[in-house]
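Computation of the quantities below employed the complete heavy-atom set of this structure, encompassing side-chain atoms and omitting hydrogens, waters and symmetry-equivalent molecules. What you are looking at is a predicted structure, and each value in this text was computed from that prediction instead of being measured. Note on naming: letters A, B, ... go to the chains in the order of the sequence lines (proteins, then strands), and numbering restarts at 1 for each one.
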Number of protein chains: 2
Amino acid sequence: MAYHDSSLHAAFTALADPTRRDLFEAIAARPCSVAALAANRPISRPAVSQHLKVLREARLVKAEPQGTKRIYSLDTAGLQAIRSYLDQFWTDALGAYSAEVHRRISET
Amino acid sequence: MAYHDSSLHAAFTALADPTRRDLFEAIAARPCSVAALAANRPISRPAVSQHLKVLREARLVKAEPQGTKRIYSLDTAGLQAIRSYLDQFWTDALGAYSAEVHRRISET
DNA sequence: AATCATGGTAAGCCATGACTAACGGTAAGT
DNA sequence: ACTTACCGTTAGTCATGGCTTACCATGATT
């Protein structure tokens, strides 16, 4: 897992934007439609849609069509990419525990 | 720990750039001077210096003056900021283990 | 079928950021 | 003291990315 890994890059890039972190947290708290996400925010609906595309490609969220609506919910694959990457920089005693977490996650 | 947290933003922004991830990994593998980092890379020394400033402000690396040289090494504070943030999105069985890791890390 | 609701896409504008060249500043060597 | 080595900063250029407006496609409703 090196610095040029594309899925890792997508995940970091996606979460580097405050608006996308906001949307990501909202979706993590409760699955949501695009219109609902745009309703309480100062940006337009197309802007939200573009951000969701970035989050989707980073596998941080996933969309499920439901009628004309699309319900967005969390996708842990992107989170896992970042977590695995960060784990390699943990050493000594901490490394042992993070490795255990990583092992348990891999089981699911 | 919300989406507008400034130290979190700094860490994500710093690692969103491939060149900075490259430098970060090199420093993590072995503490290094600025000139040494620039030597094997296609970018100029000032560019490396600017990237290191971003990594420093994100508390991902730290610099220690040694004569005219400055030796850069890993700073885990920035990593911890991201890790803590990601942990809140882990739930159920996984949440228990990540919480345990978080507790052990806090002890150090 | 006609309309409405929902949301993805395209074009264009503007702000941010990554890079180089040039400069300045400090520590070591002769 | 002068030179050399090492590094941070500034000014300026160019590319990238986020935003809005406008448009198009699809599913539900009457």
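In this structure, CZ on Arg41(A) lies 10.5 Å from NE2 on His51(A), to the nearest 0.5 angstrom. Expressed to the nearest 0.5 Å, how far CG of Leu15(B) lies from CG of Leu60(B) amounts to 5.0 Å.
Following rounding to the nearest Å, Gln66(A) (CD) and dT6(C) (P) show an atom-to-atom distance of 13 Å. If you measure from atom CZ of Arg45(B) to atom P of dT9(D), you get 11 Å, rounded to the nearest angstrom. If you take CG of Leu15(B) and P of dG17(C), they are 15 Å apart, rounded to a whole angstrom. Regarding Ile71(A), its CD1 atom lies at a distance of 11 Å from the P atom of dT6(C), rounded to whole Å. Rounded to an integer number of Å, the gap from Glu64(B) CD to dG8(D) P is 14 Å. Note: CG (Asp17(A)) to P (dT16(C)) measures 13 Å, nearest angstrom. Taking atom NZ of residue Lys53(A) and atom C1' of nucleotide dG18(D), one finds them 14 Å apart after rounding to whole Å. If you measure from atom CG of Leu37(B) to atom P of dC7(D), you get 9 Å, rounded to the nearest angstrom.
Nearest-nucleotide assignment on DNA chain D puts the 5′-proximal partner with Ala63(B), out of Pro46(A) and Ala63(B). Between Gly67(A) and Val54(A), it is Val54(A) whose nearest contact on DNA chain D lies nearer the 5' terminus.
Within the structure, a side-chain polar atom (N or O) of Ser44(A) is placed less than 4.0 Å from OP1 or OP2 of dT20(D). Contact between the side-chain N/O atoms of Tyr72(A) and the OP1/OP2 oxygens of dG8(C) is found at a separation under 4.0 Å. In this model, the phosphate group of dG8(D) is approached by a side-chain N or O of Ser49(B) to a distance below 4.0 Å at OP1 or OP2. The shortest distance between the side-chain N/O atoms of Arg20(A) and the OP1/OP2 oxygens of dG18(D) is below 4.0 Å. Applying the 4.0 Å criterion to OP1 and OP2 of dC19(C), one finds that Thr19(B) has a side-chain N or O inside that range. For the pair Arg70(B) and dC6(D), the criterion of a side-chain N or O lying under 4.0 Å from OP1 or OP2 is not met.
Comparing dG7(C), dC6(D), dT20(C) by their nearest atom to the side chain of Val34(A) picks out dG7(C). Checking dT20(D), dT20(C), dA27(C) against the side-chain heavy atoms of Thr68(B) singles out dA27(C) as nearest. The listed nucleotides are dC19(D), dG8(C), dG7(C); the one nearest the side chain of Ala47(A) is dC19(D). Listed candidates were dA22(D), dA11(C), dT6(C). Nearest to the side chain of Lys69(A) is dT6(C). In this structure, the nucleotide among dC7(D), dC19(C), dA10(C) sitting nearest to the side chain of His51(B) is dC19(C).
The shortest heavy-atom contact between Ala81(A) and Leu8(A) is O-CD1, 3.5 Å.
Looking at heavy-atom distances under 4.0 Å, Pro42(A) makes contact with sugar-phosphate atoms alone, never a base.
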Inset, instruction - Run the numbers on Tyr3(A) and His9(A) for side chain to side chain contact (heavy atoms under 4.5 Å, CB included), then give the verdict. - result: CA-CA 8 Å; Tyr3(A) 69 92; His9(A) 180 68; over 6 Å; no
Inset, instruction - Please test Arg56(B) against Asp75(B) for salt bridge (charged side-chain N to carboxylate O under 4.0 Å, His left out), starting from the C-alpha separation and ending with a verdict. - result: CA-CA 8 Å; Arg56(B) 230 186 307 129; Asp75(B) 183 356; over 6 Å; no
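Residues Asp17(A) and Val54(A) form no side-chain contact, since every pair of their non-hydrogen atoms from C-beta on lies 4.5 Å or further apart.
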